[in-house]
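Remember, it's a predicted structure, so these values are computed and weren't measured experimentally.
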Amino acid sequence: MAMWPAWAIEWYSFLCTVGLLNLGIICYLLHSGERLKSQPAWYWHSLRFLGTVYVLVVAYRSIFPADYPHRYVFWDSMLSSILIHRSLAAVEELAWVLQIILIQTFCAAPWARIPVLCASTCMGLVIVTAECFSFTGTITQSFCWFAWEETCWAISFAMGLPVYIHLLIANGKLRRRRVEAKGGEEWGTLFKGKDFGLVMTLFCIGYVPYMAAVDIPSYWKDYQTQQLQSFVPNSFAEGVWNALTFRNVTHNLSLWQSSLLWKSLCFTLGPWLSMAMMTAPVEVDEVGIPSECTSSVNV
């Protein structure tokens, strides 16, 4: 590490610091959390489990940074294996999406539960498809599969945007009705349904256009470059072995630069949102007032 360039030391130190901080926060959340009566046990425990999985894998990926298509890694270790990384990333991403799907379905107004459940199911299926594309790209090293992966992610959250707008509006009405029903008394968790709706709405407004205008075209451009260079994709067996064993150890800024900002945001904002979701935002009832929200019980 002493021979690393300054940028690599600074970026790696940032990733490790944030990863360790997140591990400390999640330990605190797991030992101090209380479940509200309005939060079913399955809902509360599921979000905490999924959030823990997500944060742990992100911490691992922060300690052993890797770039799948080019096989770039910081450490020449089996722990930096591209195939292992890709497998853990799939678990991490599915855990994060499942958190989102659980909350958006649970927090929807009763009249919208079925449409939201249908949208959530479609989102989940599209993300599973994206993971399949990502594994194919990792094995073959063909950029077209990564372009299709990112396309699926963009489509998934484009489908989710109407859901989050609904959550924002439905739970926003709660703020006005709470004054009448509870005399202005605060209820529920720190991260409420309306907060989830707002965060996810803002996320989709920024994420989907970025993917469509920047990220997806960049992968198609790289694929076109591969075509011009007469690139031959790896066979399945060859690609799996290559992804498992081959690593290109490099700390060259020009090779990592395209992924620095994206990884920095994913490894910081992603875990923070996941930990916020671990508090299990509650739903509203038919008239927009939470049920038994001011009472809590110890687990």
Side-chain angles (χ1 to χ4, degrees), residues 57-58 61 65-73 80-98 100-101 119 121-161 200 203-244 246-248 250 252-267 269-270:
V57 175
V58 168
R61 295 176 64 197
D67 179 83
Y68 309 142
H70 303 97
R71 310 296 200 243
Y72 299 150
V73 298
S80 294
S81 167
I82 299 300
L83 188 60
I84 292 175
H85 263 254
R86 179 57 253 169
S87 300
L88 289 174
V91 173
E92 162 211 316
E93 291 164 359
L94 289 174
W96 190 69
V97 171
L98 278 174
I100 292 172
I101 287 174
T121 301
C122 291
M123 287 178 63
L125 292 175
V126 172
I127 293 301
V128 170
T129 303
E131 297 299 336
C132 294
F133 284 146
S134 184
F135 270 107
T136 305
T138 300
I139 292 170
T140 64
Q141 291 186 272
S142 176
F143 281 99
C144 69
W145 297 109
F146 293 107
W148 285 117
E149 176 204 4
E150 300 303 274
T151 300
C152 287
W153 278 92
I155 290 173
S156 179
F157 283 102
M159 290 191 298
L161 181 57
M200 293 306 299
F203 169 75
C204 290
I205 290 174
Y207 177 78
V208 175
Y210 168 79
M211 297 293 280
V214 179
D215 198 55
I216 297 171
S218 71
Y219 279 114
W220 284 118
K221 183 179 179 180
D222 290 337
Y223 177 65
Q224 290 174 351
T225 300
Q226 286 183 327
Q227 295 296 97
L228 292 174
Q229 296 173 348
S230 300
F231 169 78
V232 178
N234 298 327
S235 66
F236 179 79
E238 176 190 12
V240 168
W241 182 252
N242 180 277
L244 179 65
F246 180 75
R247 296 175 293 278
N248 184 1
T250 178
N252 189 328
L253 177 59
S254 63
L255 300 179
W256 284 93
Q257 195 163 17
S258 60
S259 61
L260 289 184
L261 179 60
W262 184 250
K263 287 184 182 296
S264 298
L265 291 175
C266 286
F267 291 175
L269 299 183

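Of all heavy-atom pairs between Val57 and Leu88, the closest is CG1-O, 3.5 Å. Of all heavy-atom pairs spanning Cys152 and Val126, the tightest one is O-CG1, 3.1 Å. Annotation for Gly160 and Met123: closest pair CA-SD, 3.7 Å, computed over non-hydrogen atoms. Closest approach of Cys204 and Leu161 over heavy atoms only: CB-CD1, 3.7 Å. Contact detail for Ala90 and Phe135: the closest heavy-atom pair is CB-CE1, 3.7 Å. In terms of heavy atoms, Ile216 sits closest to Ala154 at CD1-CB, 4.3 Å.
Using cut-offs of 30° and 60° for the angle between ring planes, the Trp148 and Trp220 rings count as perpendicular. Aromatic ring pairs are classed by plane angle as parallel below 30°, tilted from 30° to 60° and perpendicular above 60°; the pair Trp96 and Trp153 is tilted. The aromatic rings of Phe157 and Tyr207 stand perpendicular to each other, their planes meeting at an angle above 60°, with 30° marking the opposite boundary.
One side chain, Asn252 or Ser254, offers a donor N or O that lies under 3.5 Å from an acceptor on the other.
For the pair Ser134 (side chain) and Ala130 (backbone), a donor-acceptor distance under 3.5 Å is absent. Formation of a donor-acceptor pair under 3.5 Å by the Asn248 side chain with backbone atoms of Arg71 is not found in this model.
For the pair Cys132 and Trp145, the minimum side-chain heavy-atom distance is 4.5 Å or more. Under the 4.5 Å side-chain criterion, counting only non-hydrogen atoms from C-beta, Leu253 is in contact with Leu260. Proximity of Tyr72 to Ser259: side-chain heavy atoms (C-beta onward) are nowhere separated by under 4.5 Å. Counting only heavy atoms from C-beta outward, the side chains of Leu255 and His70 never approach each other to under 4.5 Å. Between His85 and Thr138, the closest side-chain pair of non-hydrogen atoms is not below 4.5 Å.
With rounding to the nearest 0.5 angstrom, the CD1 atom of Ile127 is 8.0 Å from the CD1 atom of Ile101. Distance check: Ile139 CD1 to Asn242 CG gives 10.5 Å after rounding to the nearest 0.5 Å. Rounding to the nearest 0.5 angstrom, the gap separating the SG atom in Cys266 from the CZ atom in Arg61 is 7.5 Å. One distance of note links CD1 of Ile100 with OG of Ser156; it measures 8.5 Å at 0.5 Å rounding.
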Practice task
Kindly determine whether Cys144 and Tyr219 satisfy side chain to side chain contact (heavy atoms under 4.5 Å, CB included), including the steps that lead there.
Solution key: CA-CA 7 Å; Cys144 69; Tyr219 279 114; over 6 Å; no
Handout entry: Val73 vs Ile82, side chain to side chain contact (heavy atoms under 4.5 Å, CB included): CA-CA, chis, key distance, verdict
Key = CA-CA 8 Å; Val73 298; Ile82 299 300; 4.0 Å; yes
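Remark: Phe231 pairs with Gln141, Ser142, Gln226, Pro233 by the side chain to side chain contact (heavy atoms under 4.5 Å, CB included) rule, at least two apart or across chains.
Each of Phe267, Trp256, Tyr210 was compared with Trp262 under the ring-ring contact (aromatic ring centres under 6.0 Å, His included) criterion, and only Tyr210 meets it.
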